[in-house]
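The structure appears below as structure tokens.
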Amino acid sequence: MSDSSIKEIVREKYAEAAIKAGSGGSCGCGTSCCSTEGTAKNPVTSDLYSAIEAGSLPEKAVLASLGCGNPTALAELKAGEVVLDLGSGGGIDVLLSAKRVGPTGKAYGLDMTDEMLALARENQRQAGAVNVEFLKGEIEAIPLPDSSVDVIISNCVINLSADKSQVLREAFRVLKAGGRFAVSDVVTRGDIPAPIRKDVLAWAGCIAGALDEDDYRAKLAAAGFVDIDVEPTRIYRAEDARGFLVNKDLDVDALAAQVDGKIFSAFVRATKPGTV
Ligand SMILES: C[S@@+](CC[C@H](N)C(=O)[O-])C[C@H]1O[C@@H](n2cnc3c(N)ncnc32)[C@H](O)[C@@H]1O
């Protein structure tokens, strides 16, 4: 799989996901996106937000939620801060961040998929959020100046990039000194079988491209970050893995047992040093 073919498949799958969310359905991380897999709860994307958070947003922003955590709840956002969401999808975390940083702050969402940007902008309009801006672009080349952001959030997106080191260098560049990286992502622990790693649909489903926890720490440190922490928030068992692996060219029975407990959602934190 070349980097550009990964990006094209990811874009195609999340364009489909945006269209599905816009018409009231949902698919995303942990599924064969946009395949029909019955109504079983998705172990990755379900129950991430409180009823109060969900109730404060347009319904389609909640339906379009394709993340694997709730980074805004963990990021300790303060009034007046500038937040950037990498891979903002339908905009749920941008709209929640905008409420937390208030009218003196600003929340940016960045996404490469036109259909997702259209959905996010419609959700922004319905929410009446004015301290929000959705930008088109790639997380490997963030269209913002150096040292312009207080907090980077992201929800189940960095695993989708074919060049994670570049994403982390870009995150470091746009953060202000002392700025925080506060990201939910899928992470792995130990060997993941090669057929899963090579499966492009498992990549688009947020599994195949997930970094090992030690690699995540090493790449953050190489980009210049300090105070690095990878905290598991949900650990997926073999039964959950069956859901990730179905509808792909994979031997589900054999592989699900092999990844029991090795794939998890995590809250990944790091800081840009105060003086650089
Ligand atoms: C799994 S969805 C998560 C969306 C959102 N964060 C959420 O929690 O609902 C991944 C999103 O990241 C976007 N994305 C994936 N790779 C990207 C890249 N390299 N640059 C910009 N956006 C990307 C996709 O278009 C999609 O909207």
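Indexing begins at 1, ligand by ligand and atom by atom, following the structure's order. Small disclaimer: the values here were computed from a predicted structure and weren't measured.
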Mode of Ile139 contact toward ligand 1 - side chain, backbone, both, neither (heavy atoms, under 4.0 Å): both
Met112, any N or O under 3.5 Å of ligand 1 N or O: yes
Carboxylate-amine/guanidinium contact Arg180 Glu81, below 4.0 Å: yes
Those atoms of ligand 1 less than 4.0 Å from some heavy atom in Leu160: 10 (C), 15 (C)
Ionic contact status for Asp114 with Lys136, cut-off 4.0 Å: yes
Any N or O of Lys7 closer than 3.5 Å to N or O of ligand 1: no
Location of contacts on Asn155 toward ligand 1, heavy atoms closer than 4.0 Å: both
Proximal atoms of ligand 1 relative to Glu140 (non-hydrogen, under 4.0 Å): 19 (N)
Atom indices of ligand 1 within 4.0 angstrom of Ser65 heavy atoms, with elements: 9 (O)
Asp93 versus Tyr49, side-chain donor and acceptor atoms under 3.5 Å: yes
Which of the ligand 1 atoms, numbered from 1, are nearer than 4.0 Å to a heavy atom of Val10: 15 (C), 16 (N)
Check: Ile158 main-chain N/O paired with Ser161 side-chain donor or acceptor under 3.5 Å: no
Test item: Asn159 side-chain N/O and Gly209 main-chain N/O as donor-acceptor pair under 3.5 Å: no
Note, Gln258 side chain near Ile192 side chain (heavy atom, < 4.5 Å): no
Nitrogen or oxygen atoms of Gly90 and ligand 1 under 3.5 Å apart: no
Electrostatic pair Arg189-Asp214, nearest N-O below 4.0 angstrom: no
Per atom 14 (N) of ligand 1, closest listed option by heavy atom (Val157, Asp114, Ile92, Asp93): Val157
Closest to atom 6 (N) of ligand 1 (judged by heavy-atom distance), picking from Ala120, Gly67, Gly87: Gly87
Heavy atom of Cys68, distance to ligand 1 below 4.0 Å: no
Contact atoms of ligand 1, heavy-atom distance to Cys156 under 4.0 Å: 1 (C)
N or O contact, Thr113 vs ligand 1, cut-off under 3.5 Å: yes
Leu66 N/O to ligand 1 N/O under 3.5 Å: yes
Ionic contact status for Lys7 with Glu138, cut-off 4.0 Å: yes
Region of Ala64 engaging ligand 1 - heavy atom pairs below 4.0 Å: backbone
Ligand 1 versus Arg11: contacting region, heavy-atom distance under 4.0 Å: neither
Side-chain donor-acceptor pair present, Gln166, Arg169, cut-off under 3.5 Å: yes
Donor-acceptor pair, side chain of Arg173 and main chain of Ile142, under 3.5 angstrom: yes
Leu201 vs Lys13 side-chain heavy atoms within contact, under 4.5 Å: yes
Per-atom contacts of ligand 1 with Ser88, taking only distances under 4.0 Å to non-hydrogen atoms: 5 (C)
Whether Phe181 and Phe225 hold their rings parallel, tilted or perpendicular, with breakpoints at 30° and 60°: tilted
Sub-3.5 Å N/O-N/O distance, Tyr49 and ligand 1: no
